[in-house]
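Notes for the one structure printed next.
Sequence lines set the chain letters: A, B, ... in the order given, protein chains first and strands last, and positions in each chain run from 1.
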Number of protein chains: 2
Amino acid sequence: MTPNNEQAITSADKTFFQLRNDIVEGVIPSGCKLSETELSTKYEVSRAVVREAINRLATCHLVERKANVGARVVALSPEGLVQLYQVREALEGMAARLAARYMSDGEIAAMQGLLDSHFNKVKGGESYYQEAGDVDFHYRIVTGSKNSHLISVLIDGLYHLVRMYRVQLGMAGPRVTTAFDEHRHIVNAIANRDEELAEILMRRHILYSKNNIEKKLNHA
Amino acid sequence: MTPNNEQAITSADKTFFQLRNDIVEGVIPSGCKLSETELSTKYEVSRAVVREAINRLATCHLVERKANVGARVVALSPEGLVQLYQVREALEGMAARLAARYMSDGEIAAMQGLLDSHFNKVKGGESYYQEAGDVDFHYRIVTGSKNSHLISVLIDGLYHLVRMYRVQLGMAGPRVTTAFDEHRHIVNAIANRDEELAEILMRRHILYSKNNIEKKLNHA
DNA sequence: TTTTCTCATAATGTCGACAATATAGGCTTT
DNA sequence: AAAGCCTATATTGTCGACATTATGAGAAAA
């Protein structure tokens, strides 16, 4: 799953996390209307809490809100997926560039070690680690950029949408070993402090990933 | 001012716009604590609407919220400005690329006309049009990308922070004619449907702009 | 039968009150 | 006098009730 280092303080936090998970996992289906009263009875909290949770979901682009009408879970579409990956390409490309500039030698070494361990596990046939490893890799690059805007937009926002597409469109997909090679090349560029190359490789990595998903969509 | 095509439906909308403007313009100073009770009496609305407004400000990164403590207006810093422009470079670069791909011939022609009229007005000495023209130009590129994520992150989010830095650090600045040339080159690339060049030029344009601001900050 | 208007209903928006939490100031203790 | 604890107070978090708005069913008119 997603590494959950965010912890719920208030009741609204908890409700937000639960709702977000239910939406990403498809328990609450795409396009579904979110009734405040209904959810408040279901989750056993007041409407104010549900309202705040829904507002936060809206900032993640997981739901869309209309004044005096209500909120609906975002509709998944091929165009939406393309747009999502266009933004990922821009932001994560920059994140890789900044990671090459700002990550400490220790952080880079840790990331290299991570790749090794994931590679061994995947080689041993544990397909679970493919997804988890990919997620972990991208998280480290983004946080390595030390850019608070990049971190919040990607980790608090877009990544949940990415996961939603993956889960609901059944993206377990191959592309395992090739993706690993791409990860390895990116980390090498970062280790060499080659900002330009790191950005280019990350952008191509995401572009390939998008093409792969699009191909599946069209075949289905 | 900012072209305000967003209209307030609910009371929370109105309060949000007022608060946002007061923060950007510095009426509520950077770093200031936002008391819910205080603001609710000042703006003559209930605490619930102030709360919702503050939450929305938090999603714009104009205030920072801590559970059980409250919200403070974001602190402006040289590092924050650098990070802001790093993200702008990535996102607006991609926006220019997509604008070259998706903008209609009519939209491009309109943008060229806009540049002409702004050039004439600035040549006539109306310095107000420098800022307004720059804002308008960047808005058109972003909306021209037809990418809803780019549009919302930039226009609903980062641009208000950009304006806040401009206003409060006194960025009226020269760089008028050179910026105009850069705008012209970018539009030409878009008109030629040269995605690669449009992105590169936009990124350099924003990079120059950042360097210019940094220079001023260091001199002050 | 189709269209339009009206109204009932159910949802969202707003409000004031209460509960839970953080913080500052004073008090005790060493 | 300094440090730590504790209480008073003010702020945020949560709640249920009321106000306002959108929407669909049904009646009336063409």
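To the nearest angstrom, C1' of C/dC15 lies 14 Å from CD of B/Glu36. Atom-to-atom, NZ of B/Lys66 to P of C/dA20 comes out at 23 Å; the value is rounded to the nearest Å. Nucleotide D/dG13 holds its P atom 14 Å from the CG atom of A/Asn55, rounded to whole Å. B/Phe16 places its CZ atom 14 Å from the P atom of C/dT14, with the value rounded to the nearest Å. The distance from atom CG of B/Asn68 to atom P of D/dT12 is 10 Å, rounded to the nearest whole Å. If you take CD of B/Glu52 and P of D/dG13, they are 14 Å apart, rounded to a whole angstrom. Put simply, NZ on B/Lys14 is 15 Å from C1' on D/dT20, counting in whole angstrom units. Remark: P of D/dT12 and CG of B/Leu39 are 9 Å apart, rounded to the nearest angstrom.
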Open item on the list: Let's go through B/His160 and B/His61 carefully: what are the C-alpha distance in whole Å and the side-chain angles of both, what is the deciding distance for ring-ring contact (aromatic ring centres under 6.0 Å, His included) to 0.1 Å, and is it a yes or a no?
Closed with: CA-CA 9 Å; B/His160 297 285; B/His61 297 271; over 10 Å; no

TODO: Could you give me the CA-CA distance, side-chain angles and deciding distance for B/Arg203 and B/Glu89, then say whether salt bridge (charged side-chain N to carboxylate O under 4.0 Å, His left out) is met?
DONE: CA-CA 5 Å; B/Arg203 287 182 67 150; B/Glu89 186 184 328; 3.2 Å; yes

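Nucleic acid contact class of A/Leu34 (heavy atoms, under 4.0 Å, all strands): sugar-phosphate only.
Among the nucleotides D/dA22, C/dT23, C/dC15, the one closest to the side chain of B/Val69 is C/dT23. For B/Arg65, counting side-chain heavy atoms from C-beta on, the closest listed nucleotide (C/dT12, D/dC15, D/dG13) is D/dG13. Comparing C/dC15, D/dT12, C/dG13 by their nearest atom to the side chain of A/Arg47 picks out C/dG13. In this structure, of C/dG13, C/dT23, D/dT12, it is C/dG13 that holds the atom nearest to the side chain of B/Thr10. Comparing C/dT14, D/dT12, D/dC15 by their nearest atom to the side chain of B/Lys33 picks out D/dT12. Out of C/dA22, C/dT14, D/dT14, the shortest distance to the side chain of B/Arg51 is found at D/dT14. Side chain of A/Ser11, nearest nucleotide from C/dG16, D/dT14, D/dT11: D/dT14.
Note on B/Arg65 versus B/Glu36: salt bridge recorded, some NZ/NE/NH1/NH2 to OD/OE distance being below 4.0 Å.
Regarding contacts with the backbone of C/dT14, every side-chain N or O of B/Ser46 stays at 4.0 angstrom or more from both OP1 and OP2.
For B/Ile23 against B/Gln168, the heavy-atom pair with the smallest separation is O-NE2, 3.0 Å.
Figure legend: cation-pi geometry between A/Arg20 and A/Phe17 absent, as NZ or CZ is not positioned both under 6.0 Å from the six-membered ring centre and within 45° of its axis.
Residues A/Ala48 and B/Thr37 both approach DNA chain D. Their nearest nucleotides, taken by heavy-atom distance, put B/Thr37 toward the 5′ side.
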